[in-house]
Protein chains: 2
Amino acid sequence: MNDHSPARGARIKDVARIAGVSTATVSRTLSTPDIVSEETRKAVLAAVDQTGYSVNLSARHLRQQRTGGILALAPNLANPFFSEILSGISDVLRDAGLNLIVGDTSINSDARMRLVDYANRARCDGLIVLDGSLDPGVFTRSQCPPVVQACEWIAGLSAPRVFADNEAGAELVVDHLAGLGHTRIGHVTGPPSNSLTRSREAGFQRGLARHGLAPDVVIRGDFSLASGQAAAERLCAMSDRPTAIFCDNDEMACGLMGALRRSGLRVPDDLSVVGFDDIELSRHLTPTLTTLHQPRKAIGLHAARILLRLIDGHDVPEDTRLSVSLEVRESTGGL
Amino acid sequence: MNDHSPARGARIKDVARIAGVSTATVSRTLSTPDIVSEETRKAVLAAVDQTGYSVNLSARHLRQQRTGGILALAPNLANPFFSEILSGISDVLRDAGLNLIVGDTSINSDARMRLVDYANRARCDGLIVLDGSLDPGVFTRSQCPPVVQACEWIAGLSAPRVFADNEAGAELVVDHLAGLGHTRIGHVTGPPSNSLTRSREAGFQRGLARHGLAPDVVIRGDFSLASGQAAAERLCAMSDRPTAIFCDNDEMACGLMGALRRSGLRVPDDLSVVGFDDIELSRHLTPTLTTLHQPRKAIGLHAARILLRLIDGHDVPEDTRLSVSLEVRESTGGL
DNA sequence: GCCGCCTCTGTAATCGGTTTCATTACGGGA
DNA sequence: TCCCGTAATGAAACCGATTACAGAGGCGGC
């Protein structure tokens with residue numbers, strides 16, 4: 001119907017001319033409809049329809065001193081754990097008219113260098129950091145826009161945090177395994193400096209203590225499938241094994257169970273395995289994986305909402321802790 | 001060192017004043033360094049360093065009539081298959097000074113509605129479509145920026161395409177299975193209308209014909225873990241099963257193998273299984289999965305480069321077909 | 001009847017760059 | 001010596017919106 005319009009589409013000026021008003025009125029009609037009269041509003045909206053007008057975001061953002069973009073920094077996009085969080089973030093931002101720009105911090109060090117460029121008001125209106133291993137210095141410079149940390153956090157960076165209750169989750173794991181009669185429970189962790197690793201380790205230790213159990217073998221991993229596999233190989237080589245293993249995430253549990261089976265060990269008969277995250281895959285492994293469910297979508301939603309409030313200059317809670325629940329499946333059994 | 005700078009950072013005007021030149025010269029120094037004198041360049045760069053200046057992209061884009069953003073539309077971010085493609089796209093775009101905005105078309109229909117808003121020059125400079133199920137009409141309007149299709153494509157949309165050689169891949173699968181002595185080979189497909197499903201089906205049929213084999217059972221899936229599981233249940237209920245199964249992606253193969261095992265069928269002894277994609281997980285399943293390796297990163301790199309050329313008004317190849325290779329692992333065996 | 005307030009609208013300044021056009025200085029050829 | 005071309009730079013227009021400010025008109029209160 002309007003393919004005869006100029007190639008690059010209509011400007012606010014064109015809409016204003018057709019509606020017989022000024023550009024200011026068009027702008028007001030679109031951003032604050034309440035303050036224009038009913039009659040004017042109709043005329044403007046009709047002209048918008050007719051021209052297929054849509055605002056030039058660069059112009060708007062230049063004038064409003066905003067960029068319209070929120071940068072989310074995730075350590076690994078390939079991990080399905082993050083994609084649902086990003087989806088939650090994206091939902092909130094879209095409703096607020098903001099774009100989500102996703103940065104994968106794992107790619108290479110070159111990308112990390114450029115982070116300094118991006119953590120800048122001239123580039124984005126806010127940051128959501130999902131990677132606790134970044135340099136806090138970048139985020140404390142005066143040009144850095146508001147920051148919210150989700151899931152992981154950076155030691156020494158004081159920015160609002162949204163995370164699942166990792167400590168309580170790890171305690172639930174111990175409760176479950178101890179309830180099944182296990183007294184020797186091993187732990188496959190993430191990287192030692194990672195905040196998730198620390199919280200889960202703390203909750204795990206507290207749980208053991210509460211049940212009067214002594215710590216058993218601790219194997220350091222890095223949240224990857226491969227490190228789960230490596231952990232299984234170490235376990236198989238042990239003469240005196242624990243009877244249950246708590247993995248700090250589902251990917252490692254998956255790598256671990258695969259390698260265990262290949263070595264002839266049966267889960268849960270020879271070894272019970274518990275994961276953390278409840279990614280979709282955990283329901284399809286054999287045996288299906290007992291794991292802690294994290295409210296991933298909710299983490300994303302909360303993080304984004306808090307960031308928006310921060311950008312608008314409102315007060316926000318320092319910590320938002322979301323509860324987790326244990327999904328008991330086939331990979332854990334009694335002694 | 002420069003935390004005394006004004007809260008919102010330096011403007012080009014500030015840099016110009018400190019360097020003792022005009023804003024035009026600063027701009028030229030940063031975008032076309034060749035046309036300013038050596039001496040001036042040094043002074044400007046020193047001033048940039050001193051102020052920590054970084055350009056305001058909204059202003060630049062407003063003047064240059066570009067938005068600085070490329071929108072990638074993917075059907076499912078949670079699928080690890082896409083994340084590596086996006087990573088390749090992101091690398092190229094970052095080097096070109098463009099942002100990658102990721103849209104998940106699976107979220108809900110509301111998001112799809114808004115697609116119309118986004119497929120617009122006022123919103124982004126180009127589109128990379130990874131979802132073949134979208135409405136072609138959106139992309140043919142005059143306001144729509146250049147489009148490149150990657151992996152999947154939309155029937156009836158003439159836009160450059162970058163994809164793996166799905167037909168050749170499916171033929172390789174048949175060669176491999178026929179070579180092992182299989183004569184009854186089933187197929188678990190993606191959605192019937194999907195372009196990947198069609199290509200793989202065509203290659204599969206051609207392979208069968210070349211080996212003088214008759215088609216066997218075809219089970220419709222949707223690329224999800226759950227549909228792989230459902231396919232396994234159908235297979236188990238059959239009295240007269242094929243001896244090998246080709247799954248259109250690794251996720252379905254994963255869901256299928258898990259469910260098969262739970263029903264007591266052994267892979268590859270009772271049934272050989274082949275996947276497609278070679279996601280990292282396929283190496284960690286038990287048994288490890290024989291699958292077709294797709295050059296995911298390369299697909300992303302090519303798609304992004306082609307889009308950049310398109311944006312600059314250059315000629316681009318209509319189709320870019322990248323080759324695949326078979327990764328033979330444990331899930332396939334002889335009869 | 002006059003004043004002040006409120007509602008609605010228009011004019012024009014503004015955001016921060018890029019780019020066109022004009023200007024200057026200098027070197028070489030006639 | 002004069003003219004022209006070239007290299008380097010500056011002044012100012014421009015991109016397309018938002019918004020501060022001002023003005024017009026209507027209405028109620030004194």
Side-chain angles (χ1 to χ4, degrees), chain A residues 5-45 47-48 51-68 97 117 120-125 143, chain B residues 5-45 47-48 51-69 97 120-125 143:
Chain A
S5 56
R8 296 198 60 88
R11 313 290 133 84
I12 199 172
K13 210 187 303 183
D14 304 318
V15 177
R17 185 169 25 78
I18 292 176
V21 299
S22 70
T23 61
T25 299
V26 175
S27 176
R28 285 189 278 251
T29 306
L30 297 177
S31 55
T32 52
D34 300 338
I35 68 165
V36 305
S37 72
E38 173 72 18
E39 192 186 10
T40 307
R41 199 184 320 151
K42 273 188 187 158
V44 170
L45 293 179
V48 167
T51 55
Y53 169 76
S54 89
V55 359
N56 179 313
L57 291 178
S58 297
R60 165 181 291 177
H61 293 320
L62 171 60
R63 175 61 222 233
Q64 292 185 332
Q65 296 285 72
R66 308 191 304 123
T67 70
D117 283 343
N120 192 308
R121 274 207 165 70
R123 298 298 187 109
C124 67
D125 298 333
Q143 293 111 339
Chain B
S5 56
R8 294 197 61 89
R11 313 291 132 83
I12 200 172
K13 210 187 302 182
D14 304 318
V15 176
R17 187 168 25 78
I18 291 176
V21 299
S22 70
T23 62
T25 299
V26 175
S27 176
R28 285 189 277 249
T29 305
L30 297 177
S31 56
T32 51
D34 300 340
I35 68 164
V36 304
S37 71
E38 172 72 17
E39 193 186 8
T40 307
R41 199 183 319 150
K42 273 188 187 158
V44 170
L45 293 179
V48 167
T51 54
Y53 169 76
S54 89
V55 341
N56 180 313
L57 290 178
S58 296
R60 165 180 292 176
H61 294 321
L62 171 58
R63 177 61 222 235
Q64 292 185 333
Q65 297 285 72
R66 308 191 305 125
T67 70
N120 191 309
R121 274 208 166 68
R123 297 300 187 106
C124 66
D125 297 332
Q143 292 111 339

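Throughout, a chain's letter reflects where its sequence line sits, starting with A, and its residues are numbered from 1.
When the C1' atom of D:dT9 is taken as reference, atom NZ of B:Lys42 falls 19 Å away, rounded to whole Å. B:Lys13 places its NZ atom 9 Å from the P atom of C:dG17, with the value rounded to the nearest Å. In this structure, A:Arg17 atom CZ and C:dG10 atom P are separated by 15 Å, rounded to whole Å. Put simply, CG on B:Leu62 is 5 Å from C1' on D:dG16, counting in whole angstrom units. For A:Gln64 and C:dG16, the CD to P distance is 13 Å, given to the nearest whole Å. Atoms CG (B:Leu57) and P (C:dG17) sit 10 Å apart, rounded to a whole Å. We find that CZ of A:Arg66 is positioned 11 Å from P of D:dT18, with the value rounded to whole Å. The interatomic distance linking A:His61 (NE2) with D:dA17 (P) rounds to 12 Å, in whole Å.
The side chain of A:Gln65 places no N or O atom within less than 4.0 Å of a non-bridging phosphate oxygen (OP1 or OP2) of D:dT18. Taking side-chain N and O atoms only, B:Thr40 has no distance below 4.0 Å to OP1 or OP2 of D:dA8. Applying the 4.0 Å criterion to OP1 and OP2 of C:dT9, one finds that A:Thr25 has every side-chain N and O outside that range. OP1 and OP2 of D:dT18 both lie 4.0 Å or more from every side-chain N or O belonging to A:Ser31. Contact check, A:Tyr53 against D:dG16: no side-chain N or O comes under 4.0 Å of OP1 or OP2.
Remark on DNA chain C: of its neighbouring residues A:Glu38 and A:Thr23, the 5'-side contact belongs to A:Glu38, judged by nearest-heavy-atom nucleotide. In terms of position on DNA chain D, the residue among B:Val21 and A:Ala24 whose nearest nucleotide sits closer to the 5' end is B:Val21.
Note that NE2 of A:His61 is 7.5 Å distant from CG of A:Asp125, once rounded to the nearest 0.5 Å. Taken from CD in A:Gln64 to OG in A:Ser31, the straight-line distance is 8.0 Å, to the nearest 0.5 Å. Here the OG1 atom belonging to B:Thr29 is positioned 11.0 Å from the CG atom belonging to B:Asp34, to the nearest 0.5 angstrom. With rounding to the nearest 0.5 angstrom, the OG1 atom of A:Thr23 is 8.5 Å from the CZ atom of A:Arg28. Distance check, rounded to the nearest 0.5 Å: OG1 of B:Thr67 to CG of A:Asn56 gives 9.0 Å.
Tested against B:Val21, the residues B:Thr40, B:Val36, B:Val15 include a single side chain to side chain contact (heavy atoms under 4.5 Å, CB included) partner, B:Thr40.
Residue-level contact check: A:Ser27 touches the bases, meaning some heavy atom is under 4.0 Å from a base atom.
Contact check on B:Arg11 versus B:Asp14 returns no salt bridge, with no Lys/Arg side-chain nitrogen under 4.0 Å from an Asp/Glu carboxylate oxygen.
Within the helix from C:dG1-D:dC30 to C:dA30-D:dT1, the inter-axis angle between the opening and closing five-pair segments is 60°, rounded to 10°.
Listed nucleotides D:dG16, C:dG16, C:dT18 differ in distance to A:Asn56; the shortest reach to its side chain belongs to D:dG16. Of the listed nucleotides (D:dG16, C:dT11, C:dT18), C:dT18 has the atom at the smallest distance from the side chain of B:Ile12. Nearest to the side-chain atoms of A:Arg28 among the listed nucleotides C:dG16, D:dC21, D:dT9 stands D:dC21.
Evaluation of atom-type donor-acceptor distances gives no pair under 3.5 Å for the side chain of A:Arg63 against the base of C:dG16.
Residues B:Arg41 and B:Pro33 come closest through the heavy atom pair NE-O, 3.5 Å.
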